[in-house]
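Before any comments, here is the structure.
Any value given below was found using the heavy atoms of this structure, including those in side chains, with hydrogens, waters and symmetry copies removed.
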Amino acid sequence: MAYQFKLAEKLLILNERGQGVLIRMNHIKKVCTDSKRRPSYFTEKSMESSVKYINRKFPNIDIRGGSQHLSSVQKQKSAVLEGLHSYYESFIDVMEFRDHVYELLNTIDACQCYFDIAVNFDLTKNYLDLIVTYASVIYMLSRIDDKKAIVGMYNCAFEFCNGNSDPSFPRLGQMFIEYDHPWKKLSEEFGPHTKSVTGALLSLRMVYPRRNLSADQWRSAQLLSLLASPAAMLSPTCCDTMACEYLSMEVMERWILIGFLLCHSSLNANADSQNLWKMALRNGLYLTVIRDEILNIHKLSEDFFDSLKGYSKRIPDIKECKEYVIINCGALRREKRNFLRNALKELTKVLEDEPALLGPKALFVFMALSFSRDEVLWLVRHAENIPKTKTPEDYADSQMAELLYYMEKLRTLLAQHRYVIQRYHLQYLSQYDALALNDTIQGMYVCPEEESVLMSSFVSTLSALSLKHLDAGEEFDLKPFRLDWLRLQVYTSAGKAALALKDYPDLAKVMNMAQFHTRMMDNVNELLCETADLSILWFPPFLKKKAKFEVTMKHLNVYCLSCKAHFRVLGVKSSWQQSYKIGHNFTQKKVYRVIVQMANYNQSTHEIARPTDLLAGIQAYVTSLHSLSCYINIDVTRLVKNVLLQQTQPLDSYGTQTITTLYTNWFLEGLLRQASSALIVHCPTTQCFVNQNTENEQSFHAEEYADICGLRSLAELIGPYGLKFLNENLMWHIISQVGELKKLVSDNMDVLVQMRANFENPEAMSDLQKKLTGCENVLKRMTIIGVILSFRSMVQEALAEIMDRHCPFLTRPIKCLKDFIYPEGDIKVTLGVYEMASAAGLPCEIDPTLVSAIANMQTDNSSIEEEFKITCLLLVYIAVSLPTLCLDPNSFYRREHGGHQNNIHCLATAVNHLAAAMFTVQRKNIQTQLQEFLKVASSILLQLGQNVERMEIKNRDSVYLILHMIVEQSPFLSQDMLEMCFPYVLLRNAYREVHKTFIHTMG
């Protein structure tokens, strides 16, 4: 029965025709609502009476009884016929389209067709597309306010010319009356089709939830990552539902939400239908009808169900889903875009490096494009209609340019390596798909003649493919193969088919896979339109409202210029003129704002973009600007240089904060403040900061910001000027701690003087230790200084690498000059050279920035000798306080970090830098004073060995290592000096003990 109705051909033709009719209805609506483009007959004063009369009497317009009202139409009857003919014919096309859809849907119901997206994908997709297209056409028709006036005036002019009414007018007028309330009428029409439509929609139960996952779930599954399983990198990507993997989420949501509006009875009768419907309602507020025309689906559904009896329970469901969207969807979609940016970046880099992977991993590319397109279009729809929410920033994405950039890169890769893709899939089709299909056919028990002919042709077509044809440059056309597969789906999905496709899932799997492979041979461009078409962004409403939506023309030009031919097909020639005008509106202020917004700094939550991400985003943005400069006269190089140079200052020329200020604030308040509390640990081994494993999960991963790559990116972004501002702020925090340390020394002056004189007398030291206060406070403040200085050293190292990469001709002479300078020489000359070297990121024996900061401290007019005494006593204070570290359970040394759990290894950096700077200011010998500190510290720590039963010995070995670190890092101390004070055997045993602990904890 299904053979004779040609259902496959009708589905394809009606879907294509329906899109054309829908575009024309959208065009007529736009024309009629634009005062400049509206037909003149509806704006002329002489026609006003005629229009009112036609609207009032429609569709029963009596041209004889209303001759006084229609005199203007009669005078201009020829002009009216000519001017309104195209509109009238378009409305007739709607009527004819409706008739054909009626007929086809009734035929499909009579054939009792079975729909399952995972089995007969093409049949189910075309069926659901036709339903949604038909409903969209009727909805757009109802949105044209002047339709009655157009059709009525045309018919009056026709009757004036011909003496009788147009034959199509009565049915056309009746259709307009019927669809005054389109959704109510449509739901009545689809009542008989509820079973078929519901069956098709419920087949999405497995596909839609699998696609509707959060970014965290994507991340856990390592979605789109070729590096997640290197062993399977060369294996072809296959699954049971190939086409479902890149099927648009937006398309599925349109099927579900519009489908259940038309067949609403299944919502009350079927729990699965209700669950699927709610899931789609929770995914957004708006659906695209055509181009920039959208549906507020929650409002429409609520109003529609409110007018129906027995659907009162659905209204609370709709309100609950709407509330969920407003509260959660913005943040969820933002995280998805963040994930996709990184995923597409990784995928692009891998495929650029190894383009041969485009063969086995082509499915990954189309999945990546489809997922990204869904997120871009979701943001477009919602950014133009932001709901009332506490987080409107979720609907603005300054990094969208980067995502579009990588989408375009993937499209380019597909075009560049078309031969690679064709060669791989040609061999796959002829050497695997053909054999697998033949084996499947051989295992079938029943195979009617018509189906047998089709399946035999499949095998012969695939087997005949040869590399000779490809190498000869022949063009492949496998559309007949795909059309025959659609025909076979129709034949085998009918109710009484002798061969039921649902009974042979292996056949469906092999054919769906083969169909995807054939598309890789001759249909990649059409597949790109399905998965990556962003032409909706090029329509005027999205261009005019660019102030609301951060994905403005300046972000999209690189995409749109490359798709120029495609846009011409769509008939949007005026867009290129708008592109030209917009290009001249690039100002520094706009670029400033884009770059700062890319940083995504949130002062209340201490969130900011990773420096590596921001650098990649700016590079992508600059690339798009350079692409635009090929078409528009704009000096991109000068513009970018000016903007980025101002971003290295605390404020730009408009007085707004730059990324230099934002990152300085974040590192001080976000990272270093938590590092001071040991919530974040400095790891000398890996040259980064890492989070502690605590109950309170941190809002960010420190290693993503303060590692080698992150700090190199920071140095690239803000340069030496920006890092100078960062260092000045770091010094301010250090100096505030030094001031507090001096106060503690003054409070314990007498005790410290006696300790300095009696450090080799254990009994006297024991008594004096009891009188000493604030030991923990001193070590805490010194640790904070050490953490800050360790971070500064990492930043300086990153700056040195960047400077050496960009201007080696400058940094290498500076390094050579620094190597010839010694601290023992003229201190002013030494500090001058060190200051120059430090500005280039080179490490110095004496930190000139710290020296300058200490020299500028308020000293209450105290003499240099008094300051020297305080500094010496401060070192004694630190040395005699070291045993208290053993009492802290977090003072143990971790081999994998190369430091202590509570950051006390940073004391070594603090002691060396602070002592060198303070004694330089006071013009004293640094080495002599550090040797004294070494003697006092060694003597105090050696006394720990005598206290076998006391608590101090718990982390004694870990504390011993601090002495070794101080000497190892100091340019003024040597291992020989340490051995004179502290036996090497104790250090050796200490390292052995802490490594034993490490092995035990890891075992």
Nearest 0.5 Å, what's the CZ-CG distance between Arg98 and Leu186?
10.0 Å

Which heavy atom in Gly284 sits nearest to a heavy atom in Ile297, and how many Å separate them?
O-CG2, 4.3 Å

Should Asp317 and Lys322 count as an ion pair when the cut-off is N to O under 4.0 Å?
no

Exercise answer: donor-acceptor pairs, residues 76-89 side-chain atoms, under 3.5 Å, sequence neighbours excluded:
unit_1	atom_1	unit_2	atom_2	d
His85	ND1	Tyr154	OH	3.2
Tyr88	OH	Asp166	OD2	2.7
Tyr88	OH	Phe169	N	3.4

Shortest non-hydrogen separation from Met175 to Val94 and the atoms involved:
CE-CG1, 4.0 Å

Between Phe91 and Phe176, is the gap from one ring center to the other below 6.0 Å?
yes

Is a salt bridge present between Glu302 and Lys299, judged by a nitrogen-to-oxygen distance below 4.0 Å?
no

Determine whether a donor-acceptor pair (N or O, by modelled atom type, separation under 3.5 Å) exists between the side chain of Arg373 and the backbone of Asp533.
yes

Closest non-hydrogen contact found for Cys32 with Ile144 is SG-CG2, 4.4 Å

Does this structure show an ion pair linking Glu250 with Arg381, if we count only N-O contacts that are shorter than 4.0 Å?
yes

Please report the interatomic distance OG1(Thr198) to NE2(His264), rounded to the nearest 0.5 Å.
11.0 Å

Work out which heavy atom in Val325 is nearest to a heavy atom in Asn283; give both atom names and the distance.
CG2-N, 4.0 Å

One should read off an interatomic distance between Arg37 CZ and Thr43 OG1, to the nearest 0.5 angstrom, of 14.0 Å

Without swapping roles, check the side chain of Ser266 against the backbone of Cys263 for a donor-acceptor pair under 3.5 Å.
yes

pair Leu410-Phe366: side-chain heavy atoms closer than 4.5 Å:
no

To the nearest 0.5 Å, tell me how far Thr133 OG1 sits from Gln19 CD.
4.5 Å

Before accepting this row, confirm whether a basic side-chain N of the pair Arg334/Asp397 lies closer than 4.0 Å to the acidic partner's carboxylate O.
no

N-O pairing of Lys125 and Glu530 below 4.0 Å
no

Does a salt bridge link Arg24 with Asp93, judged by any charged N lying under 4.0 Å from a carboxylate O?
yes

Report the relative orientation of the aromatic rings in Trp277 and Phe305; use parallel for angles under 30°, tilted for 30 to 60°, perpendicular for over 60°.
perpendicular

Looking at OH of Tyr127 and CG of Leu11, how far apart are the two atoms once the value is rounded to the nearest 0.5 Å?
9.5 Å

When rounded to the nearest 0.5 angstrom, what distance separates NE2 in His298 from OG in Ser301?
7.5 Å

For Asp180, is there an ion pair with Lys148 - N to carboxylate O distance below 4.0 angstrom?
yes

Is the count of non-hydrogen atoms from other residues, nucleotides or ligands lying under 6.0 Å from His181 atom NE2 greater than 12?
no

Any ion pair linking Glu323 and Lys319 (charged N to carboxylate O, less than 4.0 Å)?
no

Any side-chain heavy-atom pair from Lys10 and Ile13 closer than 4.5 angstrom?
no

If you look at every heavy atom in Leu403 and Ser372, which pair is closest and at what distance?
CD1-OG, 3.8 Å

Ring-plane angle category for Tyr134 and Phe190, please: parallel below 30°, perpendicular beyond 60°, tilted otherwise.
tilted

Lys184/Glu188 ion pair, N-O < 4.0 Å
no

Is the shortest side-chain N to carboxylate O distance from Asp34 to Arg38 below 4.0 Å?
no

What is the minimum heavy-atom distance between Lys479 and Asp522, and which atoms define it?
N-OD2, 3.8 Å

Mind checking whether Tyr395 and Thr389 have side chains closer than 4.5 Å, heavy atoms only?
yes

